[in-house]
Structures are given as C-alpha cells and as structure tokens.
2 protein chains.
Amino acid sequence: MKRFGSYIRDCREALNKESKGYSVRKVAEKIGVEPAFLSKVERDIVPPPSEKKIVALAKVLDEDPDILLAMAGKVSTDLLKIIQKRPVIFADLIRRLKKEPDHAVLKIVREVTDGEW
Amino acid sequence: MKRFGSYIRDCREALNKESKGYSVRKVAEKIGVEPAFLSKVERDIVPPPSEKKIVALAKVLDEDPDILLAMAGKVSTDLLKIIQKRPVIFADLIRRLKKEPDHAVLKIVREVTDGEW
DNA sequence: CATAATGTGTACTATGTAGTACACAGTACT
DNA sequence: AGTACTGTGTACTACATAGTACACATTATG
C-alpha cells in the first residue's frame with residue numbers, strides 16, 4: 001500500500017498543476033505547519049502529522065479525511081468515541097464484519113439509512 | 001462515568017476478598033509491571049497503562065478487555081486495523097449507528113451472524 | 001540581472017507515554 | 001518480637017510525538 005506522504009504529495013502536485021497556489025509553502029500555511037515540516041511529511045521522512053493537521057490537509061486537498069487518516073495509521077477520534085460509548089456491541093459488530101465483503105457491509109449501511117427496523 | 005483506576009481497584013479488591021492472591025504486588029507481577037506503578041494506576045494518579053497491560057489485566061481480573069480499554073480512552077488495535085482497511089465504509093456505518101439504540105445494533109449483529117445475505 | 005518563490009537540510013524543543021527502581025511505613029502472621 | 005507482606009511516595013528514565021526555526025541552494029519571474 002502507498003505511504004501517506006507520497007500520496008499527499010501526488011495530490012498536492014496534481015492540484016498545483018491545474019490551478020497554482022498549491023506549493024509546499026502555501027499548503028503548509030493553510031494547514032498551519034512549517035513548510036520544512038510538510039516537506040518532510042511528504043517524503044515520509046517523518047511520520048504523518050496529528051489528526052487535526054491531517055483533517056485540515058484533507059480539506060485543502062479535497063480528499064476524504066477518513067482515508068487520509070487510515071493511511072496515517074489512525075482512526076478519527078469521533079469514531080473512537082462512538083465505539084467507546086458502547087464498546088462491547090461495536091467491537092462485536094466490527095469483528096464480525098471483518099470477513100464480510102464490501103457489498104454485505106454496504107447492505108447494512110443502506111438498511112440503517114432506510115430505517116428498516 | 002467511573003475512572004479506569006478506581007474501577008480496576010474495585011475488581012481486584014473484590015477478587016482478593018474471595019480468594020486471596022490479588023494484592024497489588026501479585027497482580028502487578030502477573031501483568032508485568034512494578035507494584036508502585038499499578039498502585040498509581042489504580043488511584044488514577046497516572047494515566048491508564050498500555051493496551052498490552054490492560055489486556056493482560058482484563059485476563060487476570062476476568063473482565064472484558066474492550067470495556068477496560070474503553071474506560072482507558074482506547075480502542076483495541078485489532079478493531080482499528082479492521083476500520084483502516086476499509087475506512088470509508090466502516091466510518092460511514094459507525095457514524096450512522098451512533099444514534100441507533102442498542103437493540104437496533106444488536107439486530108444487525110444477529111443478521112450478520114446468521115448470514116442472512 | 002535582481003528578487004521572489006520553491007523545496008529541503010540541520011538543529012533544536014516541548015510534551016506525552018510508559019513505565020522502573022528504591023525506600024519506607026503500616027499491618028498481619030507465628 | 002521478628003519476619004513478611006502490604007500499599008505507596010519520590011525520583012528518575014527512555015522513547016515517541018509533534019512539531020519549530022533558520023539557513024541554504026535552486027528555479028522561476030518581472
């Protein structure tokens with residue numbers, strides 16, 4: 001699987017080609033870090049930044065925060081809190097869904113959405 | 001909600017009353033930490049220990065690891081990995097289930113278990 | 001040609017995490 | 001009375017996390 005840094009570098013460079021304003025410095029400023037730090041993050045010299053910075057980055061690069069967080073080896077804290085409030089029930093569900101294919105999980109999502117209770 | 005430390009202290013003391021062999025020192029040795037450290041953990045003077053120690057503690061105290069981890073503000077890494085492999089689908093599902101009552105979530109668990117696809 | 005912008009190397013730092021090691025006072029046992 | 005076990009206070013440490021600050025060389029621009 002692709003590393004976090006090289007992935008966001010690709011995203012940033014792609015955006016920079018079509019519209020400018022996506023230099024390391026500009027993006028670094030937007031998400032509130034030093035350019036040198038973002039540079040190192042993009043080359044995977046240092047580990048991915050904090051959740052806050054990753055979410056900000058996702059917004060700037062128009063990427064899915066959950067995907068970026070996953071690539072960074074993290075899980076959004078709002079999900080963690082949901083699980084922690086009912087640890088047994090959610091742990092059970094997630095472990096059971098581990099081996100199920102996407103379409104099976106998606107079916108559940110749809111059922112929940114439709115409110116078929 | 002109850003703190004992690006005082007909770008496990010209660011568990012340990014309850015076990016100690018009925019069967020002995022559950023002193024701070026004994027339990028600390030079983031889970032591989034210094035007695036002084038466990039003592040501080042139990043009084044919530046220091047934050048809860050690592051996931052490994054918490055899981056070991058759950059085994060010794062015959063408690064649910066997921067519950068102890070939740071009280072420690074953590075989520076089992078095996079769950080995190082499951083989510084990280086399919087971040088979008090799982091994030092979506094969990095957020096949708098946030099507001100659903102237990103029985104609704106349990107119904108899903110049962111459906112998955114029965115393999116009603 | 002000057003200067004502005006770009007990416008990056010080096011050095012440093014503050015805070016958090018996850019404990020160890022030892023000493024000590026009180027209690028229980030025999 | 002002496003030993004052994006109990007819980008705990010104090011001091012310290014190693015490593016990880018999450019960055020900053022500045023200098024520098026290269027490239028692009030007016």
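Proteins come first, then strands; the chains are lettered A, B, ... in the order of their sequence lines, and each starts at number 1.
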Within this structure, what is the [atom1]-to-[atom2] distance between [X] and [N], rounded to whole angstrom?
X: B:K52; N: C:dT17; atom1: NZ; atom2: C1'; value: 16 Å
X: B:N16; N: C:dA28; atom1: CG; atom2: C1'; value: 13 Å
X: A:D44; N: C:dT8; atom1: CG; atom2: C1'; value: 15 Å
X: B:I54; N: C:dA18; atom1: CD1; atom2: P; value: 8 Å
X: B:L38; N: D:dT6; atom1: CG; atom2: P; value: 13 Å
X: B:K74; N: C:dG16; atom1: NZ; atom2: P; value: 15 Å

Restricting both atoms to N or O, compile the protein contacts to nucleotides 19-25 of chain C shorter than 3.5 Å, with distance only.
from   : atom 1 : to    : atom 2 : distance (Å)
C:dG19 : OP2    : B:S50 : N      : 2.9
C:dG19 : OP2    : B:S50 : OG     : 2.5
C:dT20 : OP2    : B:E34 : N      : 2.9

### Message
Can you tell me how far apart OG (B:S39) and CD1 (B:I45) are? Round to the nearest 0.5 Å.
### Response
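B:S39 atom OG to B:I45 atom CD1 measures 6.5 Å (nearest 0.5 Å).
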### Message
Distance check, rounded to the nearest 0.5 Å: B:K26 atom NZ versus B:N16 atom CG?
### Response
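Reported to 0.5 Å precision, the distance equals 8.5 Å.
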### Task
May I ask you to say what B:P35 touches in the nucleic acid, namely base, sugar-phosphate or nothing, with a heavy-atom cut-off under 4.0 Å?
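Counting heavy atoms under 4.0 Å across all strands, the contact made by B:P35 includes a base.
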### Query
In chain order, what residues pass the salt bridge (charged side-chain N to carboxylate O under 4.0 Å, His left out) check against A:R95, with sequence neighbours excluded?
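With neighbours one apart ignored, the set is B:D66, B:D78.
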So does [X] get a side-chain nitrogen or oxygen closer than 4.0 Å to the phosphate oxygens (OP1/OP2) of [N]?
X: B:K20; N: D:dC5; value: no
X: A:R43; N: C:dG9; value: yes
X: B:R9; N: D:dT8; value: yes
X: A:S23; N: C:dT6; value: yes

### Query
Do B:I108 and A:L79 belong to the same hydrophobic cluster, where Ile, Leu, Val, Met, Phe, Trp and Tyr are linked whenever their side-chain heavy atoms lie under 4.5 Å apart, directly or via other members?
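Shared cluster, yes.
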### Query
So, B:E51 side chain and B:L69 main chain: donor-acceptor pair closer than 3.5 Å or not?
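No, B:E51 side chain to B:L69 backbone: no donor-acceptor pair under 3.5 Å.
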### Message
Is the terminal nitrogen or CZ of B:K30 (NZ for Lys, CZ for Arg) located under 6.0 angstrom from the six-membered ring centre of B:Y22 and within 45° of that ring's axis?
### Response
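Yes; both conditions hold, so B:K30 lies above the ring face of B:Y22.
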### Task
Inspect the surroundings of CG in A:D102 and state if more than 12 heavy atoms from other residues, nucleotides or ligands are less than 6.0 Å away.
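Yes, the 6.0 Å shell around CG holds more than 12 heavy atoms from other groups.
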